[in-house]
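Notes for the one structure printed next.
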Amino acid sequence: MTSIAAVHAISNETAAHSLPVRFEGSATYYEKGNIDLFVQDGDTAIYVETTTDSQVTAGDRVLVEGTTRASFRPEILASRVTILKHDALPQPVFADFNKLIHADLDCRLATVRAMVRAANVFTDGPRKSLMLDLLMPGGAIQAQVANGATATDLLPLLDSTVEITGAVAGRFDSKNQMTGVLLEVPSPSDLRIVAPAPRSPRQLAIRKFDEILRQLNIDDRTERVRVEGTITYYQPGAAMVLQDGAGALWVDTLSEEPHAVGNHAFASGFPDVRNGSVVLTKAEIESVKSSVALSVANLDPAQLASGTHPFELVSVEGQLIMRVREAAQDQYVIASGGHVFSAIYRHPERGLNLPLAPMRDVPLGSRVRVTGICVLDRGDQFRGQVAFHLLLRSQEDIAVLAGPSIISVRNLAVLLGLLLILVSVFMVKAVLLERKLRRQDTARATAVERWRTRVIDGINNAIPLSETMVQITELLSFKLQADFCWAEIELEGTFGNFPEPTNRSGLQIVTQSIPARSGTSLGRICVGFLSHGKINRIAHDAFENVVRLSSLAIETGGRYSELVRRSELDSLTNAQNRFAFDRALEAMVDKHGKAGGRFGLIYIDLDDFKLVNDQFGHKIGDQYLQETALRLGHQLRSNDLLARIGGDEFTVLVNDVNSREEVSEIALRLQACFDSPFCLDRTEIQATASIGCALYPEDADTAGALLECADASMYRVKRLKARQRASMSSPSDHGTLV
């Protein structure tokens with residue numbers, strides 16, 4: 001296509017096919033450092049996206065080469081803009097509000113006359129512009145004045161009437177629906193005061209807060225409009241949401257009629273813009289039953305946070321982390337994919353006298369799917385990620401997909417409690433055994449009590465199994481007056497007083513298997529006698545009780561060790577977790593505070609870890625964390641401690657150092673771990689990390705202060721990296737689409 005008029009003649013659907021264009025026109029607006037270029041030829045004009053370093057100025061005759069794309073109307077993505085010559089600007093057309101709001105002058109050079117209601121300096125990267133809120137007969141618009149606008153002389157503009165000339169652009173919501181008019185003004189010379197303000201704002205009388213509404217004066221001539229769509233949400237007496245294909249519209253209404261979700265509805269009301277989105281206010285509703293099924297889009301939180309799905313009926317999955325019943329609503333807080341958002345069920349308004357149903361009892365930690373209306377905190381897709389929440393139509397919009405994980409702090413605590421009860425039961429049996437032995441031989445009661453206490457304390461205090469089994473064999477040997485007594489434990493070894501294999505030929509050896517609760521054998525207890533006597537019945541009872549005590553010691557020791565391991569290790573990387581790190585840090589401060597000496601704390605934060613998860617997925621992210629822990633661990637000494645204290649944060653306690661240089665040397669070794677790429681499941685990642693250090697007691701003498709010092713050191717490194725990256729890149733601004 002070789003003219004702007006030819007581009008205007010095609011539809012958005014056609015423009016989306018990236019058709020080639022090559023046409024001439026006059027540049028009416030461009031600011032270096034921005035990408036927005038407005039080109040006009042005669043009485044036709046168009047928006048062109050170009051580069052930030054173009055040399056175009058207003059008035060240049062240019063040759064535009066590029067492709068079409070869909071937007072509010074077809075526009076151009078330029079591959080090249082060539083300056084042909086400098087010429088006079090096209091003659092601007094005088095515009096009223098009606099022409100502007102109907103987009104009749106889209107992209108054309110126009111002059112408006114309006115009153116300035118607000119004037120502010122708007123900063124966008126290195127560029128500063130003057131942003132004006134203007135009131136025209138019929139409505140309000142905005143004007144952005146480029147190229148050197150400052151805040152030094154804003155007061156004379158307020159309440160003055162001005163004539164201002166610029167390219168007619170627009171404000172748009174996330175669905176490219178027009179929400180307002182924006183005039184792109186090339187320079188302050190295109191702004192002229194034609195009627196100064198009656199008085200300066202500084203001359204106004206000071207009023208009390210409860211008096212300011214007396215100055216309100218609105219002349220609203222907005223005409224009523226009528227729309228239709230399918231009801232996807234309805235809160236009687238408050239609001240309704242209509243959906244029509246890919247479009248969705250929020251409708252304010254005081255209607256309390258029994259309109260049902262899924263009905264086809266007709267709404268008549270007044271258009272408005274709220275929080276960047278088009279809405280319908282003061283609406284009257286009529287609805288009829290519909291046989292068309294509602295369409296629910298299954299999306300992930302990143303798609304919702306992009307700002308492109310306002311007021312749509314969507315479904316999203318996540319983990320329930322909190323639920324709160326409030327006076328006006330039930331709130332369910334859900335985490336998913338690095339996002340935390342709320343699913344909200346509004347209670348019926350008091351005037352409707354509807355019964356309040358109990359809050360849905362969904363267990364915390366459950367995997368749920370919620371369905372509802374996506375509501376954005378800001379309906380503008382051009383400013384990055386935006387916070388959102390979902391409005392539930394009923395409490396049935398929460399579906400439980402899976403219950404909470406079995407491995408949790410609560411369940412581990414219950415398991416530990418059961419083990420303690422089991423230990424207590426065996427303690428009772430041990431007491432009964434001790435009493436029976438005392439009745440049979442009071443002369444040996446003191447010694448038996450000493451051994452029993454040592455064994456029970458060993459089990460309760462989780463001392464090494466080898467020490468506990470030696471005490472148990474000594475107790476049995478003492479009771480039976482045996483020459484040898486030992487325990488052979490599977491996978492652990494042999495403990496106690498045992499003869500060499502070559503000296504067992506003359507022994508009478510009695511063995512007893514140590515059974516596990518599952519029925520398998522944990523090992524055996526062996527007793528050896530040099531003389532061929534017999535063990536009486538009471539001795540057999542003592543033998544069996546010691547076997548039970550051995551079984552308890554072995555199983556309790558193993559399960560306690562597993563509980564300790566789970567409570568102190570990070571399940572993903574096998575590094576120490578935050579709980580173990582805090583305890584070790586306090587212990588090290590206490591140790592060195594009493595005995596003197598130094599130790600170091602190194603704080604490591606992986607740079608841009610969220611991008612790894614977003615680009616490659618959480619599986620690669622988990623492998624990245626595991627490989628990081630392995631690399632860091634290989635650089636540490638045996639008495640140093642590595643911990644993962646957050647999602648992408650690690651700490652290292654460097655024990656017994658003489659100087660800050662020793663800590664710095666280890667930090668450099670840890671930094672070198674990231675020199676070589678991470679090769680994960682055929683994915684190569686060039687990783688970096690920010691590392692900070694602190695030395696006890698020079699930098700801080702308490703655990704909390706030392707951790708804050710290392711954290712601050714790390715953030716200084718991270719900020720330095722950010723400044724270095726910023727100095728190496730050119731500023732970019734996507735501007736406002738038209």
Side-chain angles (χ1 to χ4, degrees), residues 28-29 31 33-34 36 38 58 92-101 105 109-172 178-222 272-276 378 380 383 733 735-736 738:
T28 57
Y29 174 85
E31 182 184 9
N34 197 353
D36 297 334
F38 289 82
V93 60
F94 195 85
D96 59 24
F97 181 77
N98 190 53
K99 290 182 179 180
L100 294 175
I101 202 63
L105 303 176
L109 195 64
T111 299
V112 302
R113 176 172 289 197
M115 177 182 290
V116 179
R117 302 294 275 176
N120 296 281
V121 173
F122 174 73
T123 302
D124 189 2
R127 300 180 300 108
K128 288 190 175 182
S129 304
L130 178 61
M131 185 63 72
L132 301 178
D133 289 345
L134 305 174
L135 182 62
M136 301 177 63
I141 69 170
Q142 288 185 308
Q144 183 171 317
V145 185
N147 295 327
T150 67
T152 57
D153 198 23
L154 297 182
L155 282 179
L157 290 174
L158 297 179
D159 297 336
S160 65
T161 301
V162 299
E163 280 191 358
I164 186 166
T165 301
V168 178
R171 296 288 191 191
F172 303 95
M178 189 172 179
T179 60
V181 177
L182 176 68
L183 207 62
E184 298 279 18
V185 182
S187 73
S189 63
D190 296 299
L191 169 66
R192 182 171 67 91
I193 298 177
V194 295
R199 53 183 172 178
S200 169
R202 292 176 177 170
Q203 297 174 331
L204 298 176
I206 301 297
R207 293 183 179 273
K208 295 181 179 180
F209 294 166
D210 60 353
E211 296 177 352
I212 62 176
L213 196 61
R214 299 175 184 177
Q215 301 303 110
L216 183 65
N217 187 346
I218 297 175
D219 184 11
D220 189 352
R221 299 182 182 179
T222 304
D272 200 354
V273 176
R274 182 183 305 150
N275 200 22
R378 183 185 66 249
D380 184 351
R383 296 190 179 182
D733 175 29
T736 303
V738 176

Taking all non-hydrogen atoms of both residues into account, name the closest pair between [X] and [Y] and its distance.
X: Gln144; Y: Leu182; value: N-CD1, 4.0 Å
X: Gly166; Y: Pro186; value: CA-CD, 4.3 Å
X: Ile193; Y: Pro156; value: CD1-O, 4.2 Å
X: Leu157; Y: Ala119; value: CD1-CB, 4.5 Å
X: Pro188; Y: Ala146; value: CD-O, 3.4 Å

Mind checking the [atom1]-[atom2] spacing from [X] to [Y]? Nearest 0.5 Å is all I need.
X: Met136; Y: Ile101; atom1: CE; atom2: CD1; answer: 10.5 Å
X: Leu158; Y: Ser200; atom1: CG; atom2: OG; answer: 8.0 Å
X: Phe97; Y: Leu135; atom1: CZ; atom2: CG; answer: 9.5 Å
X: Glu184; Y: Asp190; atom1: CD; atom2: CG; answer: 12.5 Å
X: Leu204; Y: Arg199; atom1: CG; atom2: CZ; answer: 5.0 Å
X: Gln142; Y: Arg117; atom1: CD; atom2: CZ; answer: 14.0 Å

Query raised in the report: Judged by atom type as modelled, is there a donor-acceptor pair below 3.5 Å linking the side chain of Thr28 to the main-chain atoms of Ala167?
Result: no

Query raised in the report: Under 3.5 Å, side chain of Thr179 to main-chain N/O of Arg171, donor-acceptor pair present?
Result: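 Yes.
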
Query - Step-by-step side chain to side chain contact (heavy atoms under 4.5 Å, CB included) determination, Val168 to Leu183 - result: CA-CA 5 Å; Val168 178; Leu183 207 62; 3.8 Å; yes

Report task. Report the C-alpha separation of Thr111 and Val93 in whole Å, then their side-chain angles, then the decisive distance to 0.1 Å, and conclude whether the side chain to side chain contact (heavy atoms under 4.5 Å, CB included) test is met. Result -> CA-CA 6 Å; Thr111 299; Val93 60; over 6 Å; no

Query raised in the report: Are side-chain heavy atoms of Leu132 and Ile164 found at a separation under 4.5 Å?
Result: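 Yes, close enough: below the 4.5 Å cut-off.
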
Requested in this report: Answer yes or no: is there a side-chain heavy-atom contact under 4.5 Å between Val185 and Thr165?
Outcome: no

